[in-house]
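Chain naming here is simple, since letters A, B, ... match the order of the sequence lines and numbering starts at 1 in each. This one's a predicted model, so the numbers in the text were calculated from it and none came from an experiment.
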2 protein chains.
Amino acid sequence: MSSGGETNGGAQGDRRAETLQRLMEVGRVHSGVTVMFHSAIAAKQGLNATEEKTLDLLERHGPLTAKDLARLTGLAPASVTGLVDRLEAKGFARRVKHPTDKRRVLVELDRQKIGELAVFFEDWARDIVAACEEFSTEELETAIRFLTVMAEAQRTAAARLSS
Amino acid sequence: MSSGGETNGGAQGDRRAETLQRLMEVGRVHSGVTVMFHSAIAAKQGLNATEEKTLDLLERHGPLTAKDLARLTGLAPASVTGLVDRLEAKGFARRVKHPTDKRRVLVELDRQKIGELAVFFEDWARDIVAACEEFSTEELETAIRFLTVMAEAQRTAAARLSS
DNA sequence: ACAAATATTTCGTTCGGCCGAACCAAGGAC
DNA sequence: GTCCTTGGTTCGGCCGAACGAAATATTTGT
């Protein structure tokens, strides 16, 4: 499938370089739009960046204790209390008793609420699917592979920056 | 290139549906990572969301007056003064005299500073290019097309949400 | 049983960023 | 020239969200 062969100094190399150039550019634009879309959704539900991030953490890890959240978000314990209060007030999460340790508080997503939220994505998803019609299934497979690789690269880059 | 043909009720349709399913999933992950990467960069330079957005506006529109910025960001005029003060203090933009109207203030990017900032992206860009080696040039062209289409869909979705 | 450790909340404070109102210029109309 | 409008800034106040320290509740260790 892949071409490889970097040592080619001719017209093919030029074409590839030019393609990469365009890819970076369109990738930049795509990133910008993605961020905008994301923050538009957040704004729509009255969530700030911290709350958004917390919901993502809960999505990925399942229920977490306040201490875990403090660690993962980088907030002080006292701040987590307020954060969870807000999420509860808005209906996105709730406190539940820890099964064994009564000191701890588990915070879990309100699946119901998250589900309702999916309505926002519906016409977007429809647009996406419609837009995909101009791609063959093989091309979509390529896109999947591509997005996977890019996601990984960005993840490591983000980690590098945060350290 | 494109397959079309939706009315096929057999195995091919199943495969395509399943592919779309995976595409949505990997797209979701990619979006999340993109947002993280973006905010990691912003944090690294001590920029908040508003400042980030403003730099993006200046990037896209070129120099803007304070009034324009107020309109485009949705901030009150008084807030724009503070915003531009911060951007100036951090070296990302500067006030310049309006050529004809002495009342107005043009805000323009500091290209120098933006350039220095590109250093942050360098090893990231290298990773990207390296990661692209496993794709043929045709596949990259497909990725470009795909990203372009997705960007457009997200742009309209974001606009729909914001209205 | 009691002391030390652990998890979370409460309380009081601080800080950043936004706003409205008042306040200067600097145009533009008459 | 005078007056009104327009573009920006200054000032004072406000609010959300973060913090540290102290308080509370529960578990663990001896």
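Side-chain contact, R104(A) with T65(A): no donor N or O sits under 3.5 Å from an acceptor N or O.
Atom CG of residue L140(B) and atom CD of residue E133(B) lie 10.5 Å apart, to the nearest 0.5 angstrom. The CD1 atom of I128(A) sits 6.0 Å away from atom CE of M24(B), with the distance rounded to the nearest 0.5 Å. Rounding to the nearest 0.5 angstrom, the gap separating the CG atom in L106(A) from the CD atom in E108(A) is 7.5 Å. Annotation: the span from L117(B) atom CG to R111(B) atom CZ amounts to 11.5 Å, rounded to 0.5 Å.
When heavy atoms are screened at a 4.0 angstrom cut-off, A78(B) is found touching base atoms of the nucleic acid. At the heavy-atom level, L83(B) lies nowhere under 4.0 Å from the strands shown. Among the protein residues, A66(A) comes within range of the sugar-phosphate backbone only, with heavy atoms under 4.0 Å from sugar or phosphate atoms but none that close to a base.
Between L64(B) atom CG and dG8(D) atom P there is a gap of 11 Å when expressed in whole angstrom units. Atom-to-atom, CG of L87(A) to P of dA17(D) comes out at 10 Å; the value is rounded to the nearest Å. Between K67(B) atom NZ and dT6(D) atom P the separation is 9 Å, expressed in whole Å. Spacing between atom NZ of K53(A) and atom P of dA18(D) amounts to 11 Å, rounded to whole angstrom units.
Contact footprint of chain A on DNA chain C: nucleotides with an atom under 4.0 Å from a non-hydrogen protein atom, first to last in 5' to 3' order, dT6(C) to dT10(C).
Counting non-hydrogen atoms of neighbouring residues, nucleotides and ligands closer than 6.0 angstrom, the NZ atom of K113(A) exceeds 12 such neighbours. The neighbour count for K102(A) NZ, taken as heavy atoms of other residues, nucleotides or ligands under 6.0 Å away, does not exceed 12.
Nearest-nucleotide positions on DNA chain D place G82(B) closer to the 5' end than the other of G82(B) and L75(A). Both R86(A) and D68(B) lie near DNA chain D, and the one whose nearest nucleotide falls closer to the 5' end is D68(B).
One finds a salt bridge joining E141(A) and R15(B) here, because a Lys/Arg side-chain nitrogen approaches an Asp/Glu carboxylate oxygen to under 4.0 Å.
Within the 4.0 Å cut-off from OP1 or OP2 of dT9(D), at least one side-chain nitrogen or oxygen of T81(B) is found.
Note: H30(B) and H30(A) have tilted aromatic rings, judged against thresholds of 30 and 60 degrees for the angle between ring planes.
Of the residues in residues 93-103 of chain A, R95(A), R103(A) come within less than 4.0 Å of DNA chain C through at least one heavy atom, sorted by number.
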